[in-house]
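Keep in mind that the numbers below use all heavy atoms, side chains included, and drop hydrogens, waters and symmetry copies. So you know, we letter chains A, B, ... as the sequences are listed, proteins then strands, and number each from 1.
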Amino acid sequence: MSSIDQMSVKVTAIEQVAPMIKAFTLQPLEGQLTPFSAGAHVVVEMGEGEQRYRNAYSLMSNPNDNRQYQIAVRLQEASRGGSIYMHEQVAVGDELKISPPANLFAPAWKANKHVLFAGGVGITPFLSYVPVMQQREAEFELHYMYRSQQTGAYSAELTEQLGDACRCYDADQGSRCDIAAVMADQPLGTHFYICGPESLIEAVRATADELGIPAGAIHWEEFAGAKPGQPFKVELSRSGVELAVAADTSLLEALEAADIDIQHLCRAGVCGQCVCDVTEGEIEHRDSYLSDAEKQSGKQMMPCVSRAAGERLVLDI
Amino acid sequence: MQTEQVNGVASKPVYTPVELNPKSRFHLFIAEQDVPVELQSLYDRCQEDKAVAAYASASDAQLLESLVTFPLTGTLYLAGTEPFLWRVASHAREAGLCSDQVRLLAPISRERHLFCCHCHTITEGVTYSPYACSGCGAMLEVTDHFSRLHGAYFSFQANAEDSTDMPEKREVN
């Protein structure tokens, strides 16, 4: 179980907001939900018994509204099952367990201007930014890239609500965002935010580097969680327990399935909460938390996304 | 900015050698009084759009003015005493510069500004500890806890249990 208290919520509405995206409205079984800050996410626990998933989803509802949370889930057919479960198994009236909100993608409020790049379902954290930025009268522009045959939720509403501050680029209509043109000539104090696939994050970071925009002005959130890999065995030296980690299970999930309590927040290799000490075995590092030197030392790993490079790992747990 | 841990204290700034930022499209060099050799050498090597300013005694208005047209793709280089470096860095932060856009040369003197936690006065030109507060007169123990906002080191009444028994005077660097 998670070391952070989970809360139970009821699914009160499910809406197909794009061909591949469903939006879920979650309400508390009793009382009120805790307020959250723009850019926060929750970890949703799904499934029962052997087949359990925990995926992080950005809260896209208004942060000032503590009656309900909303999340959006893109169906990832090649994924390890969490999004398929949400799309196929979860119905209105069902109860789900979620973590309290945590935020690893808050706006830099000192910025003079905010430029938001969303790719597909990566629009979700920005939906919670928008009402707060409007309330604070912050200057911002949203560049929303999607494929209307798959994603593109809320593009009409955003365009209507934000006018020129929202630019939509539908790749299925041949519309592309010229990232360099957007980033060039922005005023001092502009900060840039990216949520979307890795390719979009890389493209924006590379453009910033080329233009001479400081790295400190670039913020991103990857929505990709653990990706499958080769199966391996893990030995826990303190308890003597040995576990098998299947190809489509993350090490963190395997530990949790064995009732081993590991702190976590993002489950995406970003926050650093779940770091584990490794005493034996080669690691395939997939996180963006550990420094290059720490990765090379081979003494620590992030079990939420990283795996064994060989057949076996020994953890100091 | 430079925040390596020194002597177990995380907040005392560490000044590493400054290089030109090869990615920047504009470079601004500001010196507190005379332009030191290191800053001049960076300026001379800079091939890009550049400007240099040296202030005998810069007012806040002058410093802010120099940042008005500063671009998002620029880098700022500062030379002078430690309080000056961080005063300008504070203005730069207010103007919207990221910390990686501001490069500080090692301070030209080891004199510290001291922030008194009792009366909040900042005492200038401090080179040893304990040191009399220019505000309340308390003999202050000088620490290595540095405030980037105030450009000053935190200090408190030395040997508060018995302030008639002062610790031996020591140089701070």
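Heavy-atom contacts from other residues, nucleotides or ligands closer than 6.0 Å to CG of Asn173(B) number 12 or fewer. Remark: Asp60(B) CG is packed, more than 12 non-hydrogen atoms of other residues, nucleotides or ligands lying under 6.0 Å away. Gln134(A) CD: more than 12 foreign heavy atoms inside a 6.0 Å radius. In this structure, Glu160(A) places its CD atom where only 12 or fewer heavy-atom neighbours from other residues, nucleotides or ligands lie under 6.0 Å away. Applying the 6.0 Å contact sphere to CG of Asp164(A) captures no more than 12 heavy atoms from other residues, nucleotides or ligands. More than 12 heavy atoms of other residues, nucleotides or ligands shown are found within 6.0 angstrom of CZ on Arg170(B).
For chain B, no part of Asp185(A) is nearby; none of its heavy atoms comes within less than 4.5 Å. Only the backbone of Pro187(A) comes within contact range of chain B, judged by heavy atoms closer than 4.5 Å. For Ala215(A), the parts lying under 4.5 angstrom from a heavy atom of chain B are both the backbone and the side chain.
Taken to the nearest 0.5 Å, the CG atom of Leu72(B) stands 8.5 Å off from the NE2 atom of His191(A).
Considering every non-hydrogen atom in both Leu188(A) and Gln101(B), the closest pair reads CD1-NE2, 4.2 Å. The minimum heavy-atom distance between Cys98(B) and Gly216(A), with the atom names listed, is SG-C, 3.7 Å. Heavy-atom minimum distance, Glu210(A) versus Arg25(B): O-NH2, 3.2 Å.
Heavy-atom pairs under 4.5 Å with chain A were tallied for Pro22(B), Gly74(B), Ser24(B), Ala95(B); the largest tally goes to Ala95(B).
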